[in-house]
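Presented below is the structure to which this report refers.
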Amino acid sequence: MSATTPYLKPGLAKPVAAGDGLDAPFWDGLKEGKLVLQRCNGCGKFQWGPEWVCHRCHSLDLGWAETSTEGILYSHQRIWHPVHPALAEQGPYIVALVELPAADNVRIIGNLVGDPMQPLEIGSAVRAVFEHHPDDDPPHTLLQWEVV
Amino acid sequence: MSDRTLRGKVAVAGVAETEYYKWGRSPDPEFKLAIQAILKACENAGVDPRDIDGFSSYSNDRSDASRMSAALGCKELSFASMQWGGGGGGGSGAVANAAAAIATGQAECVVVFRALAQGQFGRFGQGPRSKVVSGPAAHTLPYGLMSAAHQFAMKVNRYMHDHGVRQEALRAISLAAYHHAQANPRAVMHGRPLDEAKYDESRWIVEPFHLFDCCLENDGAAAMVLVSAERAKDFPHPPCYLLGAVSGSQHRAGATVHNTPEYASSSFPTVAPRLYNMAQVGPADVDVLQSYENFTGGVMMSIVEHGFCTAEEVNDFLTYDNLVAPSGKLPLNTSGGNLAECYMHGLGLNIEAVRQIWGQSTSQVPGAEISMVTSGPMVTPVSCCIFGSEATL
Ligand SMILES: [Zn+2]
């Protein structure tokens, strides 16, 4: 599903694909509302973050595949102290580390949307929320999460 | 036994630090701070600075070894080494590199140093200000994950969840550091004691870190002079030998976007056994521990991964009484450490470990013979080392 409002106040650095193109399919996928991660064409396993070689079989033939947007809350943090001017009036916010069982348990980072004071339970089922910023410069999509 | 060891081959001749300042308060630029610390360490050792023939540092220290050698008029430069990795992970690794150079005949007299002037070069505890971000940081920074505290809090939360660790264990680490700082006139937090209520009432930086779980940000410099063991008795202090020093991290600790397989870890599971193996001691032999505190949670995991207690014993073991000198079971961070003495990327911890062997600590552990340092938990590579008195050889 897609978010109706951004989770964090504007002003943080916006993500762009790496200059060498390593993670470009991921960011392109998010803009289409898809979770696309690196998957090795040699051994068929997902790996994340992306790399130029498969750490399991050393294949250099790394492909990309869409995967499920359902995950498990692996860890979390509620951040209080702003370390960027854009967050000076933000108040507490939550960063989630999400494990993806459908993608060989790789982990990915996002915010956990909803009440910033919500109880946080490691192991909770979560699902992706696509936060689109089509009119931003540059246009981009953030991958957020919500407790199911 | 294998001769591929540093055990007993290198000694510490002298140590020193500059005055320690709050971040941005140094009256001197960073390179001058480094010079001052090195000259003081040479004076402490009774060594002519011109005889330094090697420099070893870490965390991309900006005070270049060749410039330093020229500035000090050293006779020659035989060794110049930078340990890869950020934060304080290289504090003992730089000692290991210097020691390896001496033990293998590459250099005679190597200075390990670290200098920081954050007023000159910007603060650690602030997020970057760029408009766009790419690479691994693009996967964290737009979500507001951008400081060292953010980088590590989820490791500690996962660990505390998995093992039922209570906040009081982290608090005990902070209380012990502040207690020791009250005896140390060099400490930035000297005269500013901490108690349980003050800790509990302090604001969250990021859960589970209160303000007092986080290291300071400081300006200053620290240095130590290493020589071969044959010369250990040529200096003003009691002999202090390096028994072991290693660095590294476990399998794929550097996997990006928080994908390290053994996530809830201080990065020491494979490193600590190599240290004990080299030093030929075990955790029960260690008299006093200096354990790098970027955040108290990292100290907690370091202590477990170095075998001082199990994960399930943390709540019982990490108590104020157990961690304070001279009477505690494991006196910890006896100068005040990074929390309360100074954040010199942890090289102050190595200096304090040596002072414990010399009997010169402001919170001395009586008869300390085996003195250990763990540097830079949760980053990669991390490092650790053990110093010993003459009796331990
Ligand atoms: Zn593969």
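Only a predicted model underlies this, so the values are computations on that prediction, with no experimental measurement involved. Atom set for the values below is all heavy atoms of this structure, side chains included, hydrogens, waters and symmetry mates excluded.
- Remark: S247(B) engages Q83(B), S383(B) in a side-chain contact (heavy atoms from CB on, under 4.5 Å) (not counting sequence neighbours).
- A 6.0 Å sphere centred on CZ of R129(B) holds more than 12 heavy atoms belonging to other residues, nucleotides or ligands.
- Heavy atoms closer than 4.5 Å to chain A are found nowhere in P136(B), neither backbone nor side chain.
- Neither the backbone nor the side chain of Y7(A) comes within contact range of chain B; no heavy atoms are under 4.5 Å apart.
- Considering every non-hydrogen atom in both G144(B) and L87(A), the closest pair reads CA-CD1, 4.5 Å.
- When G11(A), A86(A), P85(A), P92(A) are compared by the number of non-hydrogen pairs under 4.5 Å with chain B, P85(A) comes out ahead.
- Taking each heavy atom of K131(B) and D137(A) in turn, the nearest pair found is NZ-O, 3.0 Å.
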Tell me, with the steps shown, if H258(B) and W48(A) meet ring-ring contact (aromatic ring centres under 6.0 Å, His included). CA-CA 9 Å; H258(B) 295 241; W48(A) 199 251; over 10 Å; no

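- Considering all non-hydrogen atoms of both residues, V257(B) and G49(A) come closest at CG2-CA, 4.0 Å.
- Between L120(A) and E207(B) there is no side-chain heavy-atom pair separated by less than 4.5 Å.
- The part of P261(B) that comes within reach of chain A is its backbone (N, CA, C, O), which places non-hydrogen atoms under 4.5 angstrom from that chain.
- With a threshold of 4.5 angstrom between heavy atoms, A96(A) approaches chain B through N, CA, C or O but not through any side-chain atom.
- Within the model, atoms CZ of F209(B) and CD of Q77(A) stand 8.5 Å from one another, a figure rounded to the nearest 0.5 Å.
- To the nearest 0.5 angstrom, S134(B) atom OG is 14.5 Å from K14(A) atom NZ.
- Taking all atoms of both residues into account, the shortest heavy-atom contact from M146(B) to H84(A) is SD-CB, 3.8 Å.
- Open room surrounds CD on E121(A); 12 or fewer heavy atoms of other groups in view lie less than 6.0 Å from it.
- Under a cut-off of 6.0 angstrom, the local environment of NZ in K45(A) is sparse, with at most 12 non-hydrogen atoms contributed by other residues, nucleotides or ligands.
- Taking CG of L211(B) as the start and CH2 of W80(A) as the end, the distance is 14.5 Å to the nearest 0.5 Å.
- Summarising the geometry of S130(B) relative to A13(A), their closest heavy-atom pair is O-CB, 3.3 Å, with the distance given to 0.1 Å.
- If you tally non-hydrogen atom pairs under 4.5 Å between each of G19(A), A18(A), P82(A) and chain B, the highest count goes to A18(A).
- Classification of the H139(B)-F26(A) ring pair by plane angle, with boundaries at 30° and 60°, yields tilted.
- Contacts of A149(B) with chain A are made by backbone atoms alone, with heavy-atom separations under 4.5 Å and no side-chain atom involved.
- There is no contact between L22(A) and chain B, counting heavy-atom distances below 4.5 Å.
- Atom CZ of R78(A) is separated from atom CG of N157(B) by 9.5 Å, given to the nearest 0.5 angstrom.
- Side-chain atoms of R158(B) and L97(A), non-hydrogen and from C-beta on, never get closer than 4.5 Å to each other.
- The structure places NE2 of H81(A) at 8.0 Å from OG of S147(B), a figure rounded to the nearest 0.5 Å.
- With contacts defined as side-chain heavy-atom distances shorter than 4.5 Å, the pair H161(B)/S75(A) does not qualify.
- Both the backbone and the side chain of L143(A) come within contact range of chain B, each with at least one heavy atom under 4.5 Å from a heavy atom of that chain.
- Looking at D23(A), the atoms closer than 4.5 Å to chain B (heavy atoms on both sides) all sit in the side chain, from C-beta outward.
- We find the CZ-CD distance between R252(B) and Q47(A) to be 6.5 Å, quoted to the nearest 0.5 Å.
- Under the side chain to side chain contact (heavy atoms under 4.5 Å, CB included) rule, Y143(B) has a single partner from L12(A), I109(A), I94(A), which is I109(A).
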